Visitor: 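Can you keep this structure in mind? I'll have questions shortly.
Computed from a predicted structure; not experimentally measured. Every chain is numbered from 1 and lettered A, B, ... according to where its sequence line falls, protein lines coming before strand lines. What's counted below: heavy atoms across the whole structure, side chains too, no hydrogens, waters or symmetry copies.
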Number of protein chains: 2
Amino acid sequence: MTTGARQAGDGTVAKALTVLDAVAEHGRPVRFSELLEESPYPKATLYRFVQVLTQQGMLSFDPERQTYAPGLRLVRLAHAAWQASSLAPIARPHLDRLSRETGETVHLAQLDGGQVLYVDKRNAREPVAMYSQAGKVGPAYCTGVGKAMLAHLPETELAPVLQQQSWHAFTGKTITTSDAMRHELSEIRARGHAFDDEEHEPGIICIAVPILTRSGRVLGAVSVTSTTARTDLDGLTRHLPALRAAVSAIAGEAQDWRFPDQAAE
Amino acid sequence: MTTGARQAGDGTVAKALTVLDAVAEHGRPVRFSELLEESPYPKATLYRFVQVLTQQGMLSFDPERQTYAPGLRLVRLAHAAWQASSLAPIARPHLDRLSRETGETVHLAQLDGGQVLYVDKRNAREPVAMYSQAGKVGPAYCTGVGKAMLAHLPETELAPVLQQQSWHAFTGKTITTSDAMRHELSEIRARGHAFDDEEHEPGIICIAVPILTRSGRVLGAVSVTSTTARTDLDGLTRHLPALRAAVSAIAGEAQDWRFPDQAAE
DNA sequence: AAACCAAGTTTCAAATAATGAAACTACATA
DNA sequence: TATGTAGTTTCATTATTTGAAACTTGGTTT
């Protein structure tokens, strides 16, 4: 095994994906020269990567502007990813109903690498959503869905995750230490649901419930979000029955469908 | 010496992406052996590809069941792609409005490699089971959005695309030859909008309008879909004003956003 | 108009990574 | 224990990638 300086020289595919990331991170069409500035690769090498990726549909090239953007092949792949590796397809009808019943914003999230990945979402007003809203990641330590999931992680998984958190104080109410979080998590465990009391964004509050397998393994979480202008934490608890109903329906179907028990790793 | 131009054997990256596609197409976690069966590559080679892709986060591996699924990095990239290179973010409010006004299913599509890629969708108030979801691909020659876009393709792009079509007769009304299609396309061009008269699915009809730049380049298309049980082609034309309004709004914003006259920001 | 410049594209020998048959391991089943 | 199946590793061979530099293109300055 090559320890020490692990250069990017350990795989052509890896390097090409680096370039893909670079384009994606811009969020706007990018010029070749812009990529070149940030790239560790020489002109000709980067040029070839960009050519291959474009030819493969992973990037799209606008010949008028001479700019590169993420390609439509990625959109296609996304559909598959969303279908296959998330709870979203199972949860869809239940989120729809929850959204109708509560009239509030609804989130479905899963835990990934210590972060919260929003896998699906219903807006307070719009009844239909796409995977477009998946792919957004957020902090685990200051969101309702994040804390709901952390509360049910076994210690061996929880410890490293807590270590990864940035503990940035987004608001005055953000929990910013591991110890405080462990206390909060035990309360959430006892209570069965988590709140986000403006810990991430001022004025935004939510109530969240974890999706668990029968054996207690965490699959994800669902939350109902509102604003302090419209209600308060107590007010949110009136959505609990609907929230619990949705979560247990999702858990039941997920169990049958795809997540037989036993933890990984 | 350049060997005879063979198929996709022209790059490691391309081959790896092929593997990605294979996993994505399954729509469920796949075993290594399943991939091996379909793969043109020998065991060791495929194994290395899968290893690299997993290590890179493009695939995720479930060690319990020894299965591969599309990975989280892919979800993130895909989100970026959807945001940056599709019309969806621009079109969103307009699709919402069109959906409200018509009460029917609304599709936003783009052309990708001779196929129709549905990049966004709004369901009808009465949901009808249908073959289309955001991120899915469909045939260009027998869908309203597909024909609307083909009608405005320059000849140099149209010819190869027509050659790629399968011309499978999904229904008795499907157009199944290039010549018939060229005639249909000229009618669509003259008329300004395309119909799908049960050419893809029995009972499903739609009206579609292309999204064009000022210079006439095709960006995408929007359609309003209904069923023969509820209306007919003439009936669909009453949605034309709303459809045109949505399309021209999208075209206008797309022009500003994606094709600015000056690089700014 | 000529000179210049910047961005993008191509070349080619050297360096490197990919290849794949076969051997090996792990685990399940007879 | 024997046998089969799925997954993993090895390593000499082969093909691909690499990147400095030269070249092209299109636009701007002198």
Side-chain angles (χ1 to χ4, degrees), chain A residues 1-20 22-23 26 28-56 58-69 260 262 264-265, chain B residues 1-20 22-23 26 28-56 58-69 71 259-265:
Chain A
M1 188 194 294
T2 314
T3 45
R6 187 183 302 172
Q7 293 215 350
D10 55 354
T12 320
V13 175
K15 293 178 206 169
L17 292 178
T18 292
V19 176
L20 246 196
V23 174
H26 272 82
R28 288 172 193 284
V30 204
R31 275 209 161 70
F32 174 72
S33 53
E34 296 180 76
L35 289 174
L36 185 57
E37 280 175 30
E38 313 158 7
S39 168
Y41 309 116
K43 219 182 192 182
T45 302
L46 181 67
Y47 182 73
R48 256 178 285 109
F49 277 139
V50 158
Q51 288 289 93
V52 169
L53 289 172
T54 301
Q55 199 187 331
Q56 291 297 315
M58 299 296 280
L59 291 179
S60 71
F61 179 66
D62 178 347
E64 291 176 29
R65 301 261 129 213
Q66 292 196 139
T67 54
Y68 296 89
Q262 281 291 12
E265 213 158 340
Chain B
M1 182 195 292
T2 315
T3 51
R6 212 41 61 202
Q7 37 171 331
D10 56 349
T12 319
V13 175
K15 292 177 206 167
L17 292 178
T18 291
V19 176
L20 243 196
V23 174
H26 272 83
R28 67 183 162 78
V30 205
R31 285 222 183 84
F32 173 72
S33 54
E34 296 180 76
L35 290 173
L36 185 58
E37 279 174 30
E38 314 157 7
S39 169
Y41 310 115
K43 218 183 192 182
T45 302
L46 180 67
Y47 182 73
R48 254 178 287 110
F49 277 140
V50 158
Q51 287 289 92
V52 169
L53 288 171
T54 301
Q55 200 186 333
Q56 292 297 316
M58 299 295 280
L59 292 178
S60 71
F61 179 64
D62 177 348
E64 271 306 302
R65 323 187 68 195
Q66 294 195 139
T67 54
Y68 296 89
F259 309 100
D261 287 334
Q262 278 286 59
E265 194 84 9

Visitor: Between P on C:dT9 and CZ on A:F61, what's the gap in Å once rounded to a whole number?
Guide: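 It works out to 6 Å between those atoms.
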Visitor: Working to the nearest 0.5 Å, report the span between CG of A:L46 and NZ of A:K15.
Guide: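 One finds 12.5 Å between CG of A:L46 and NZ of A:K15.
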Visitor: Measure CG/A:L46 against P/C:dT10 and give the value in whole Å, please.
Guide: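 To the nearest whole Å, that distance equals 15 Å.
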Visitor: Does B:Y47 or A:R48 map to a spot on DNA chain D nearer the 5' end, using the closest nucleotide for each?
Guide: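 Nearest nucleotide further toward 5': that of B:Y47.
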Visitor: Please check the phosphate of D:dT17 (OP1 and OP2 only) for any side-chain N or O of B:T12 closer than 4.0 Å.
Guide: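 Checking B:T12 against D:dT17: at least one side-chain N or O falls below 4.0 Å of OP1 or OP2.
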Visitor: Calculate the interatomic distance between B:L36 atom CG and C:dT19 atom P; express it in whole Å.
Guide: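 To the nearest whole Å, that distance equals 14 Å.
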Visitor: To the nearest Å, how far apart are A:K15 NZ and C:dA18 C1'?
Guide: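 Taking atom C1' of C:dA18 as the reference, NZ of A:K15 is at 12 Å.
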Visitor: The side chain of A:A44 is closest to which nucleotide in this list: C:dG20, C:dT9, C:dT11?
Guide: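 Closest nucleotide to the A:A44 side chain: C:dT11.
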Visitor: In whole Å, what is the span from the OH atom of A:Y68 to the C1' atom of C:dA7?
Guide: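 A:Y68 atom OH is separated from C:dA7 atom C1' by 11 Å.
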Visitor: At their closest point, which heavy atom of A:Y41 faces which heavy atom of A:V19, and how far apart are they?
Guide: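 Smallest heavy-atom distance, with atoms named: CE1-CG2, 4.5 Å.
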Visitor: To the nearest Å, give me how far apart CG (A:D62) and C1' (C:dG8) are.
Guide: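 The distance from CG of A:D62 to C1' of C:dG8 comes to 16 Å, rounded to the nearest Å.
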Visitor: When rounded to the nearest 0.5 angstrom, what is the spacing between CE in A:M58 and CZ in A:F49?
Guide: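 So the gap between those two atoms works out to 13.5 Å.
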Visitor: In whole Å, what is the span from the CD atom of B:Q66 to the C1' atom of D:dT5?
Guide: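 Spelled out: CD on B:Q66 to C1' on D:dT5 is 12 Å.
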Visitor: So, does the side chain of A:K43 form a donor-acceptor pair with the base of D:dG19 at under 3.5 Å?
Guide: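 Check fails, no donor-acceptor contact within cut-off.
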Visitor: Rounded off to whole Å, could you give me the CD-to-C1' distance for the B:Q51 and D:dA6 pair?
Guide: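 Going from CD in B:Q51 over to C1' in D:dA6 covers 14 Å.
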Visitor: Going from CD on A:Q55 to CG on B:L17, what distance comes out if it is rounded to the nearest 0.5 angstrom?
Guide: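 Result: 11.0 Å between the selected atoms.
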Visitor: With a non-hydrogen cut-off below 4.0 angstrom, is A:S33 in contact with a base, only sugar-phosphate, or nothing?
Guide: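 The residue A:S33 makes sugar-phosphate contact but no base contact.
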Visitor: Salt bridge or not for A:R28 and A:E34, using N-O below 4.0 Å?
Guide: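 So A:R28 does not pair with A:E34 through a salt bridge.
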Visitor: If you assign A:F49 and B:F32 each to the DNA chain D nucleotide with the nearest heavy atom, which residue ends up on the more 5' nucleotide?
Guide: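 Residue closer to the 5' terminus by nearest nucleotide: B:F32.
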